[in-house]
Amino acid sequence: MSKILIIEDEEAIADLEKDYLELSGFEVETEERGDIGLTRALKEGFDLIILDLMLPGVDGFEICKKIREEKNIPVIMVSAKKDDIDKIRGLGLGADDYMTKPFSPSELVARVKAHLARYERLIGSGVQENETIEIRGIKIDKTARRVWINGEEKPFTSKEFDLLTFLAQNPNHVFTKEELFSKIWDMESIGDIATVTVHIKKIREKIEFNTAKPQYIETIWGVGYRFKV
Ligand code: CA
């Protein structure tokens, strides 16, 4: 039986959610404090978390971020304000879903079922943990194809992601632009090694604090690039 934790300080809402989910056969626990909720979410083996945004102790933003650093379990965030949902999305905290209060309990149950089914498929396929690369402040999730810089998610195009990942997987190895072009772009691609330069520039704009003094992707003049560790 799947175990769900509801972190919600409004008792009436928590109870309503709990009742509906229990009727659907889930084991449900509620927690009204953010700080205790976070500890429980990390320590007890819940399969899914329903997380309110404004909570005493620690807020939902921080809780979601902390859960995501350690666990792949689905997180559904709820808020009374549509604006907050937009903000949460913008922050890229890694929540799996968002709902604006008030919502119908049956809608919540439907979403919980969908996320648990997806999560179980992921576990069942043997992909217990996403494959990630972490070098200093950069975290690259190769499974989900997502990138975080100091905890903040950055959007990457497909080729930017492939190029960054390839370099980060081969740290300190110097690659020529020709090598990178042939590794990342297939032979039929239109473009040339200038494409590599353009992509490196775009990646640096996303990952470097100061693009004039790159800390991660270093230019080796006359040769190419390397990812420094
Ligand atoms: Ca609240």
Side-chain angles (χ1 to χ4, degrees), residues 1-123 129-130 132 137 139 141 144 146-155:
M1 192 195 292
S2 296
K3 260 178 77 181
I4 297 169
L5 176 64
I6 298 169
I7 309 177
E8 169 66 73
D9 59 335
E10 284 175 69
E11 202 182 337
I13 293 178
D15 288 347
L16 183 69
E17 292 174 358
K18 185 173 194 276
D19 287 349
Y20 269 82
L21 290 164
E22 282 178 346
L23 280 171
S24 302
F26 298 109
E27 191 182 327
V28 185
E29 301 207 18
T30 61
E31 178 53 58
E32 60 182 21
R33 286 195 58 89
D35 43 3
I36 300 169
L38 172 59
T39 306
R40 295 188 64 189
L42 295 178
K43 300 277 180 262
E44 300 174 28
F46 291 103
D47 300 295
L48 183 142
I49 310 292
I50 296 169
L51 179 60
D52 184 31
L53 190 59
M54 301 314 292
L55 292 161
V58 177
D59 70 20
F61 292 111
E62 192 62 23
I63 295 173
C64 185
K65 206 172 113 190
K66 287 268 162 42
I67 292 174
R68 220 14 111 234
E69 283 169 7
E70 293 192 27
K71 287 177 175 281
N72 274 336
I73 53 171
V75 177
I76 299 178
M77 294 196 75
V78 297
S79 171
K81 284 190 275 177
K82 173 73 172 63
D83 288 356
D84 285 339
I85 301 290
D86 294 339
K87 193 174 162 197
I88 302 166
R89 283 184 197 276
L91 285 172
L93 297 171
D96 296 273
D97 209 346
Y98 314 89
M99 296 184 79
T100 312
K101 288 190 249 183
F103 46 78
S104 80
S106 51
E107 171 69 16
L108 177 68
V109 170
R111 295 209 197 179
V112 164
K113 284 182 178 169
H115 285 289
L116 282 171
R118 183 186 56 76
Y119 182 61
E120 276 154 20
R121 277 198 304 277
L122 186 74
I123 298 301
E129 286 292 325
N130 283 12
T132 59
K139 179 176 169 187
D141 184 331
R146 297 166 71 178
V147 180
W148 290 262
I149 312 299
N150 297 319
E152 185 185 346
E153 186 171 7
K154 301 280 181 176

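Numbering of ligands and ligand atoms starts at 1, following listing order. Heads up: numbering here begins at 1 and tracks the sequence.
Within 6.0 Å of atom NZ in K3, more than 12 heavy atoms from other residues, nucleotides or ligands are found, so the atom counts as buried in its surroundings. The number of heavy-atom neighbours closer than 6.0 Å to NZ of K139, taken from other residues, nucleotides and ligands shown, is above 12.
Salt bridge R111/E107: present, at least one basic N to carboxylate O contact under 4.0 Å. The existence of a salt bridge linking D96 and R68 is confirmed by a sub-4.0 Å separation between a basic side-chain nitrogen and an acidic carboxylate oxygen.
Within the protein, the N, O or S atoms sitting under 3.0 Å from the Ca ion (ligand 1) are D9 OD1, D52 OD2, M54 O.
Without hydrogens or angle criteria, D59 side chain to E62 main chain gives a donor-acceptor distance under 3.5 Å.
For the salt bridge (Lys or Arg N to Asp or Glu O under 4.0 Å) condition, the pairs that include at least one residue of residues 44-55, sequence neighbours left out, are R40-E44, D52-K101.
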